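One structure below.
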Amino acid sequence: MILAAIDIGSNAARLLICEVIKKGATTEFNKLNLIRIPLRLGFDVFEKGYIGFRKKKMLLNTIDAFSALMKVYEVDHYIACATSAMRDASNSKEIIKEIKADTGIKIDIITGDLEAEIIYENHIAELLDANKSYLYMDVGGGSTEITLYHKAEVAFQKSFDIGTVRLLTNAVADETWEDLKQTLKDISKKYTKITAIGSGGNINKVFSMVNSKTLKSLPIEVIREFYKVLEPLSVDERMHTYNLKKDRADVIVPALKIYANAMKWANIDEIHVPKIGLADGLINHLYEQLK
């Protein structure tokens with residue numbers, strides 16, 4: 001069975017195509033292709049409140065291309081979701097209606113809480129120690145989702161309107177920062193020795209930049225050092241010095257700021273990076289629905 005997931009985020013849109021193979025009691029998800037298009041819808045939405053004509057056209061063309069690729073791969077079932085930017089855009093409903101009419105692709109705008117829930121649906125729980133506490137953090141362009149797992153159960157889950165594109169467009173309220181800070185401090189008081197797990201394109205990129213085969217996690221000192229080195233540089237300097245794409249070079253610094261602050265407030269020294277994200281969670285979410 002071939003499944004596909006479309007994730008329309010605030011910084012990029014992704015299409016993940018997987019082949020699902022059942023082997024006895026186990027299920028394998030083999031990645032056939034992952035396409036990422038830097039639409040950057042958040043730069044319109046968080047500044048103007050709506051998606052402008054140019055970004056709308058880019059989104060329509062992207063979904064049209066995704067639809068064609070799904071036909072090429074003979075996808076059996078798909079799921080398409082939009083997150084923070086589309087949640088906030090005043091014209092998102094009409095755009096979604098237009099996409100459905102033009103491409104046949106039905107897109108659902110999901111809540112922040114559902115996003116947090118789906119992000120975790122990567123069967124990662126099966127790999128965790130049932131006696132420990134884990135804080136799962138996904139930092140996107142428009143929001144940050146956190147999920148606390150204690151003894152293999154969801155103990156807390158919340159989405160915060162703090163994201164890389166929101167920070168770049170000065171669209172994060174002080175109260176939202178304070179809410180995240182207080183939430184994580186409260187968690188650190190209630191649970192001890194929490195292990196952090198991070199997902200999202202930026203933490204994945206930082207982990208690959210470290211380029212260490214022995215390192216299985218990122219210490220907070222490394223995240224702080226990357227921030228200290230990258231923050232004073234211009235976007236062009238980051239691109240040329242560290243071989244970053246333009247749509248990564250600007251958002252990586254606010255992402256490091258979010259992770260560093262979150263880890264400090266939660267009293268966490270290091271973060272594991274399994275290189276998964278919302279698209280992976282969507283595939284699993286779809287598979288569970290089909291079952």
Side-chain angles (χ1 to χ4, degrees), residues 3-16 18 20 29 34 36 39 41-42 45-46 51 59 63 66 77-93 95-97 99-100 105-126 128 134-150 152-166 171-172 176 179-180 183-184 187 196-203 258 262 274 276-291:
L3 301 182
I6 294 173
D7 160 26
I8 303 166
S10 301
N11 194 42
R14 293 174 180 83
L15 168 67
L16 174 62
C18 287
V20 184
F29 294 84
L34 173 64
R36 177 183 180 274
L39 291 177
L41 300 178
V45 178
F46 305 140
I51 296 169
L59 176 57
I63 302 302
F66 284 178
H77 304 277
Y78 77 90
I79 184 170
C81 292
T83 56
S84 191
M86 291 288 273
R87 281 197 291 268
D88 287 11
S90 60
N91 58 342
S92 59
K93 287 182 181 177
I95 291 174
I96 283 173
K97 193 175 177 181
I99 289 171
K100 180 72 169 69
I105 300 294
K106 179 182 178 290
I107 297 168
D108 292 314
I109 298 177
I110 59 173
T111 65
D113 289 341
L114 181 57
E115 184 180 354
E117 189 178 316
I118 290 173
I119 284 167
Y120 188 78
E121 289 184 2
N122 297 293
H123 299 301
I124 196 168
E126 298 164 7
L128 306 182
Y134 296 86
L135 186 69
Y136 191 99
M137 293 188 285
D138 181 84
V139 174
S143 61
T144 293
E145 278 67 44
I146 66 166
T147 304
L148 180 78
Y149 278 81
H150 180 64
E153 296 290 331
V154 177
F156 181 84
Q157 199 166 57
K158 190 172 179 180
S159 176
F160 297 84
D161 282 341
I162 298 174
T164 57
V165 180
R166 278 191 198 271
V172 178
T176 311
D179 186 17
L180 176 62
T183 298
L184 292 173
I187 285 172
I197 300 170
S199 67
N202 290 296
I203 197 77
I258 296 168
I276 51 178
L278 179 59
D280 303 88
L282 285 170
I283 289 284
N284 284 284
H285 186 73
L286 176 59
Y287 180 69
E288 292 299 320
Q289 286 181 330
L290 293 169
K291 280 205 302 182

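Quick note: residue numbers are just sequence positions, from 1. All of these numbers come straight from a predicted model, not from anything done at the bench.
Residues Cys81 and Ile110 come closest through the heavy atom pair SG-CG2, 3.7 Å. Scanning all heavy atoms of the two residues, the minimum distance from Lys158 to Asp113 falls at CA-OD1, 4.0 Å.
Side-chain contact check for Ile8 versus Ile63: some heavy-atom pair is nearer than 4.5 Å. Looking only at side-chain heavy atoms (C-beta outward), Asn202 and Ile258 stay at 4.5 Å or farther from each other. Contact annotation: the side chain of Phe156 never approaches that of Leu135 to less than 4.5 Å [non-hydrogen atoms, C-beta and beyond]. Using a 4.5 Å cut-off on side-chain heavy atoms (C-beta onward), Ile197 and Tyr149 make no contact. Between Leu59 and Met86, some side-chain heavy-atom pair lies under the 4.5 Å cut-off. Between Tyr287 and Cys18, the closest side-chain pair of non-hydrogen atoms is not below 4.5 Å. With contacts defined as side-chain heavy-atom distances shorter than 4.5 Å, the pair Thr176/Leu180 does not qualify. Contact annotation: the side chain of Ile146 approaches that of Leu184 to within less than 4.5 Å [non-hydrogen atoms, C-beta and beyond].
Annotation: Tyr78 is not in aromatic contact with Phe66 [ring centroid separation under 6.0 Å not met].
For the side chain to side chain contact (heavy atoms under 4.5 Å, CB included) with Leu282, the lone residue among Ile118, Ile6, Leu3, Leu16 that qualifies is Ile118. Of the candidates Asn11, Leu15, Asp7, Arg36 forms a side chain to side chain contact (heavy atoms under 4.5 Å, CB included) with just one, namely Asn11.
Of the possible polar contacts, none joining the Asn284 side chain to the Gly281 backbone as a donor-acceptor pair under 3.5 Å is found.
In this structure, Asp161 does not pair ionically with Arg87, as no charged nitrogen and carboxylate oxygen lie closer than 4.0 Å.
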